[in-house]
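Residue numbering restarts at 1 for every chain, and letters A, B, ... go by the order of the sequence lines.
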Number of protein chains: 2
Amino acid sequence: MKPTTPAAEDYLKTIYAHTEWQPDPITPRVLATRLGIAPSSVTEMVKKLAADGFIAHVPYGPLTLTPAGRIRATAVVRRHRLIETWLVRELGYTWDEVHDEAEVLEHAISDRLLEAIEAHLGHPTADPHGDPIPAADGSSERVPAVLLADAAPGHAGTVLRVSDRDPAVLRALAEAGIGPGSRLAVVDATTVRLPAGELHPLAAEAARAIWLTS
Amino acid sequence: MKPTTPAAEDYLKTIYAHTEWQPDPITPRVLATRLGIAPSSVTEMVKKLAADGFIAHVPYGPLTLTPAGRIRATAVVRRHRLIETWLVRELGYTWDEVHDEAEVLEHAISDRLLEAIEAHLGHPTADPHGDPIPAADGSSERVPAVLLADAAPGHAGTVLRVSDRDPAVLRALAEAGIGPGSRLAVVDATTVRLPAGELHPLAAEAARAIWLTS
DNA sequence: TGTAGGCTTTAGGCATGCCTCAATCTGACC
DNA sequence: GGTCAGATTGAGGCATGCCTAAAGCCTACA
């Protein structure tokens, strides 16, 4: 199988991550925005990734991972999430501080080190944000979930995952004591009720970052 | 101060490491060999590093670090050695397995993570090979030492440091139970006497990799 | 003193991965 | 069915960091 550069891995990871949160395949425009680069740069890299068999792409169409691309992507995601877990559990990081560090380290650690960290942590199945950590074979469990922003008023559930994309959202939630495992009831799109009964306002970004049990 | 790329840091680190083991300044040729690249590539990078104030160089002359270059170099060495220490102490690596991993990670971890690892390890002063770990301000203790290959027959001393460059040498020494802290007596350039009295043959590379108390 | 051979530098190229700017396509709306 | 905005692509450039090949320098030895 063709080797992948750190840049290529970021593309694959971002395409994969999009499918975890959205049903529709990602477009070049959105991918460029996520990666913080120009759309034309995406065009170029997409050409290479398609030629190498990692993504399927017809001109002017959306981007989807091939099975080979999905394997690569889940390997990167696995690294990212194990590193995040390690930083929080072993080195005193908080869940809003780990993303940028993991973003770099995921391209730097060897398979050997990854396995050592995983064993050291006792083979965790989820990272500090509740995101599932894919197994070495790429498999990962999917739990039925609903985005808080999409949940009907009155819906109650347990927080399964919180997107690690926006540190400010994570800090605000941590301050409110909300994290994976928290019980929440949806009052409306911007308000939730905590177990103690108190109402808590949520920014729109926060409502789009939280997945609840359905 | 000018930022440095991973490639530039490798140059500075290698120039610095040379001064730790050899009194003469390094030449472009030797630097190219150490880095595994063509001499002309060194010429180019040297031009940039000199322009940025990190090394002093007159055409056709040897390479020496400026104070700014030395600060940068010791910072990289500090990272490298703390990472090696962490891999051995926390993750079950042996001392011959850590070099390549640290070579990559030293360019990837943040200052924040470096400090966290250092604190986690209890601020070690030497890595698994006995190499001193520079403090955050760049200072590091220098102990009078003699290269085993240069030691007079009959000289006895404690192993202070073993170069981490050649994993095969490290494995052979580990097998013989020789490491930092070991007592050795020099019989000749290729033989040492262990504390138990037995003679042990040393490859020439090993004799040039071991520093003894003088 | 002259010159061979090694070291260093220069010149010109290549791959990666980004950019801007301009051209082309697509889909939605009139 | 035509038009237009926005998305996508293509062309041409730039920085980094490596390469090979050729030219220039330097020294040691005859």
Side-chain donor or acceptor of Arg70(B) paired with backbone N/O of Leu65(B) under 3.5 Å:
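Yes: the side chain of Arg70(B) pairs with the backbone of Leu65(B).
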With sequence neighbours left out, write down each residue that passes ring pair (Phe, Tyr, Trp, His ring centres under 6.0 Å) with His107(A), or none if nothing qualifies.
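Residues passing ring pair (Phe, Tyr, Trp, His ring centres under 6.0 Å) with His107(A): none at all.
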For atom [atom1] of [X] and atom [atom2] of [N], their distance in whole Å:
| X | N | atom1 | atom2 | result |
| --- | --- | --- | --- | --- |
| Ile26(B) | dC7(C) | CD1 | P | 14 Å |
| Glu44(B) | dA11(C) | CD | P | 11 Å |
| Tyr60(A) | dA28(C) | OH | P | 17 Å |

Could you give the start and end, 5' to 3', of the contact zone on DNA chain D for chain B, using atoms under 4.0 Å from its heavy atoms?
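Footprint of chain B along DNA chain D, 5' to 3': dG17(D) to dC25(D).
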So, applying side chain to side chain contact (heavy atoms under 4.5 Å, CB included) with Ile83(B), which one of Asp127(B), Leu105(B), Leu113(B) is it?
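When Asp127(B), Leu105(B), Leu113(B) are each tested with Ile83(B), the side chain to side chain contact (heavy atoms under 4.5 Å, CB included) holds only for Leu105(B).
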Tell me yes or no: between the side chains of Thr14(B) and Arg34(B), is some donor less than 3.5 Å from an acceptor?
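Their side chains do not contain a donor-acceptor pair, so the 3.5 Å distance test is not met.
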Just by distance, with hydrogens left out, do Thr94(A) and Glu97(A) show a side-chain donor and acceptor under 3.5 Å apart?
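Yes, side-chain donor-acceptor contact under 3.5 Å.
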Lys NZ or Arg CZ of Arg112(A) over Tyr93(B) ring: under 6.0 Å, within 45°
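Here Arg112(A) passes the 6.0 Å and 45° test against Tyr93(B).
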Should His129(A) and His99(A) be marked as a ring pair (Phe, Tyr, Trp, His ring centres under 6.0 Å) after you check the CA-CA gap, both sets of side-chain angles, and the distance that decides it?
CA-CA 10 Å; His129(A) 313 97; His99(A) 185 77; 7.9 Å; no
Taking everything shown except Arg89(A) itself, do over 12 heavy atoms lie less than 6.0 Å from its CZ?
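Yes, CZ of Arg89(A) has more than 12 neighbouring heavy atoms, counting only those of other groups under 6.0 Å.
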Please tell me which of Pro59(A) and Thr5(A) maps to the more 5' nucleotide of DNA chain C, matching each residue to the nucleotide holding its nearest heavy atom.
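Between the two, 5'-proximity favours Thr5(A).
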Within residues 30-41 of chain B: residues closer than 4.0 Å to DNA chain C (heavy atoms):
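Output list: Pro39(B), Ser40(B).
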